[in-house]
Amino acid sequence: MKGVFPIDKFKEKNTPFYYYDTDLLRKTLKAVNDEAGRYENFCVHYAVKANANPKLLNIICQSGLGADCVSGGEIQVCVNAGFPSDKIVYAGVGKSDWEINLGLDKDISCFNVESLPELDVINELAAKKNKVARVAFRINPDVGAHTHANITTGLAENKFGIAMEDMEHVIQRAMDLKNVRFTGLHFHIGSQILDMGDFVALCNRINDLQCQLELHHINVENINVGGGLGIDYTHPNKVPIPDFKSYFATYARHLKLRKGQKLHFELGRSVVAQCGTLISRVLYVKQGKVKQFAIVDAGMTDLIRPALYQAYHKIENISSGLPVQTYDVVGPICESSDVFAKAVDLNECRRGDLLAIRSAGAYGEIMASQYNCRPLPVGFISEEMQ
């Protein structure tokens with residue numbers, strides 16, 4: 001079954017471009033709010049790194065979600081989109097001084113601190129502004145996740161977070177400083193996780209760490225478990241909305257929150273991935289010695305995930321109803337890795353056909369580059385195609 005797209009409107013546009021189904025986005029946001037809303041102490045932030053398209057950010061902001069930022073630029077676009085400062089958190093392993101100062105000036109909710117040197121810099125910069133910065137410590141829980149090696153973040157070998165054995169020391173250091181206030185712990189074990197057992201393992205680790213801290217009379221106001229929930233890349237039409245019910249219920253069942261604690265989530269991919277599609281035009285059909293190529297005008301500059309992670313995206317020829325043939329779908333970039341899919345079955349492709357590369361709303365447009373001096377792809381929302 002193919003997705004439903006306004007093909008006549010697509011023909012009027014220069015390709016490649018991103019198309020966002022905002023009706024699906026709103027349904028996804030409603031599912032997030034409905035399921036998280038079952039638990040009064042659950043707070044959801046949108047991980048802006050997944051997609052910072054201003055039109056999508058505005059819709060997400062209107063839904064009531066907060067924002068999880070990993071750069072000063074993301075903080076600024078969230079402020080521009082209308083996110084309240086008290087719903088913006090700032091994470092990232094390498095925060096520049098200007099980015100920290102921006103967060104202080106905007107009075108954001110929290111800095112998720114990843115090292116002792118970073119804590120000292122935040123304290124120093126806050127002192128210069130006569131402010132007290134709210135900080136949480138990102139702890140590396142050394143919990144693996146069943147996902148691609150490049151998107152695991154919770155192992156001891158990863159660059160992210162503070163080692164568990166250093167946790168009490170850095171918390172005590174924060175308590176000794178005048179211009180920071182310790183408000184919580186932050187965790188994130190990876191992305192595109194579909195096995196709820198990975199989240200159970202994180203819950204168990206957090207439970208142990210909380211007990212450890214309480215032995216030293218350290219109480220934690222906020223627990224932030226990051227995001228990580230995956231989507232169904234294989235069946236975007238059958239499963240357009242992720243299983244938020246099981247995701248939130250897993251934490252409600254296994255994480256032992258203390259009275260008054262708030263639990264924060266940072267969902268990105270699961271919010272926006274399925275609503276986005278990269279639309280590309282077939283330039284040539286080339287018959288090789290052992291395979292057939294559909295050469296399209298989109299490339300790894302527009303969607304790098306297949307080249308970077310060997311990621312799968314369902315591809316549909318939305319112009320054709322002809323019998324199926326097998327193609328390698330490749331782009332025009334001068335790199336051998338500029339391949340969207342190998343040996344994929346598509347309705348027969350002809351020059352000018354439009355291909356839809358599905359589930360591209362996360363880490364698609366936002367990661368685009370101008371390699372080969374190519375223009376950046378434009379993003380259109382569904383209302384603009386009506």
Side-chain angles (χ1 to χ4, degrees), residues 1-7 10 15-29 31-32 46-53 55-56 59-60 146-148 150-151 190-195 227-244 247 267-280 294 296 298-318 327 329-331 338-347 354-368 377-382 385:
M1 182 178 69
K2 292 183 182 180
V4 178
F5 298 100
I7 300 176
F10 285 180
T15 51
F17 64 85
Y18 277 91
Y19 172 74
Y20 297 109
D21 182 346
T22 50
D23 181 57
L24 176 57
L25 174 59
R26 289 187 173 95
K27 289 178 179 176
T28 302
L29 290 165
V32 170
Y46 168 63
V48 181
K49 67 178 181 287
N51 192 319
N53 182 292
K55 295 169 186 176
L56 301 189
I59 293 172
I60 295 168
H146 295 85
T147 188
H148 191 281
N150 286 6
I151 50 178
S191 188
Q192 186 51 22
I193 299 170
L194 296 171
D195 184 347
L229 178 64
I231 67 160
D232 191 331
Y233 281 97
T234 305
H235 303 104
N237 300 315
K238 293 181 181 178
V239 190
I241 298 176
D243 188 3
F244 295 113
Y247 176 71
L267 297 173
R269 180 196 314 268
S270 59
V271 174
V272 293
Q274 295 290 38
C275 80
T277 299
L278 178 60
I279 303 298
S280 182
V296 299
M300 60 188 287
T301 53
D302 307 294
L303 178 64
I304 198 172
R305 295 189 71 253
L308 188 62
Y309 303 131
Q310 298 76 54
Y312 170 83
H313 287 265
K314 181 179 176 64
I315 302 176
E316 301 169 347
N317 185 344
I318 58 177
Y327 303 87
V329 180
V330 302
D338 185 33
V339 178
F340 288 114
K342 293 184 177 181
V344 60
D345 291 336
L346 298 173
N347 296 98
L354 294 173
L355 301 190
I357 304 175
R358 304 295 306 279
S359 310
Y363 309 107
E365 182 185 359
I366 192 67
M367 294 181 77
V378 176
F380 296 102
I381 60 174
S382 50
M385 298 285 188

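We count residues from 1, following the sequence as given. Note that the coordinates shown come from a computational prediction; the quantities given were computed from them, not determined experimentally.
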Which pair of heavy atoms, one from [X] and one from [Y], lies closest together, and at what distance?
X: Gly230; Y: Leu194; result: C-CD2, 3.6 Å
X: Leu303; Y: Gly364; result: CD1-CA, 3.7 Å
X: Thr28; Y: Ile241; result: OG1-CG1, 3.8 Å
X: Ser280; Y: Val296; result: OG-CB, 3.3 Å
X: Tyr46; Y: Asn51; result: OH-O, 2.7 Å
X: Ala31; Y: Phe244; result: CB-CD1, 4.0 Å

Requested in this report: Could you check Phe340 against His313 for side-chain contact (heavy atoms from CB on, under 4.5 Å), going step by step and ending with a plain yes or no?
Outcome: CA-CA 8 Å; Phe340 288 114; His313 287 265; over 6 Å; no

Query raised in the report: Quick one: are Leu25 and Val272 in side-chain contact, heavy atoms under 4.5 Å?
Result: yes

Query - Residue pair Asp232, Lys238: steps toward the side-chain contact (heavy atoms from CB on, under 4.5 Å) verdict - result: CA-CA 9 Å; Asp232 191 331; Lys238 293 181 181 178; over 6 Å; no

Report task. For the residue pair Phe5 and Phe10, categorise the inter-ring angle as parallel (less than 30°), tilted (30 to 60°) or perpendicular (more than 60°). Result -> tilted

When rounded to the nearest 0.5 angstrom, what distance separates [atom1] in [X] from [atom2] in [Y]?
X: Lys55; Y: Ile60; atom1: NZ; atom2: CD1; answer: 14.5 Å
X: Lys27; Y: Asp21; atom1: NZ; atom2: CG; answer: 8.0 Å
X: Tyr20; Y: Leu56; atom1: OH; atom2: CG; answer: 6.0 Å
X: Ile279; Y: Glu316; atom1: CD1; atom2: CD; answer: 9.0 Å
X: Asn347; Y: Tyr327; atom1: CG; atom2: OH; answer: 8.5 Å
X: Ile315; Y: Asp345; atom1: CD1; atom2: CG; answer: 11.5 Å

**Report entry** Derivation and outcome, side-chain contact (heavy atoms from CB on, under 4.5 Å), residues Lys49 and Tyr363
**Finding:** CA-CA 7 Å; Lys49 67 178 181 287; Tyr363 309 107; 3.6 Å; yes

Query raised in the report: Can you name the salt bridge (charged side-chain N to carboxylate O under 4.0 Å, His left out) partners of Lys2, sequence neighbours left out?
Result: none

Report task. Please lay out, stage by stage, how Asn237 and Lys314 fare under the test side-chain contact (heavy atoms from CB on, under 4.5 Å). Result -> CA-CA 10 Å; Asn237 300 315; Lys314 181 179 176 64; 4.3 Å; yes

Query - Donor-acceptor side-chain pairing of Tyr233 and Gln192 below 3.5 angstrom - result: no

Query - side chain to side chain contact (heavy atoms under 4.5 Å, CB included) partners of Ala273, counting only residues at least two apart - result: Ile231, Arg269, Ala362

Requested in this report: Output all residues satisfying ring-ring contact (aromatic ring centres under 6.0 Å, His included) with Tyr247, sequence neighbours left out; order by chain, then residue number.
Outcome: Phe199, Tyr251, Phe265

Query raised in the report: Is a side-chain donor or acceptor of Glu365 paired with a backbone partner of Tyr18 at a separation under 3.5 angstrom?
Result: no

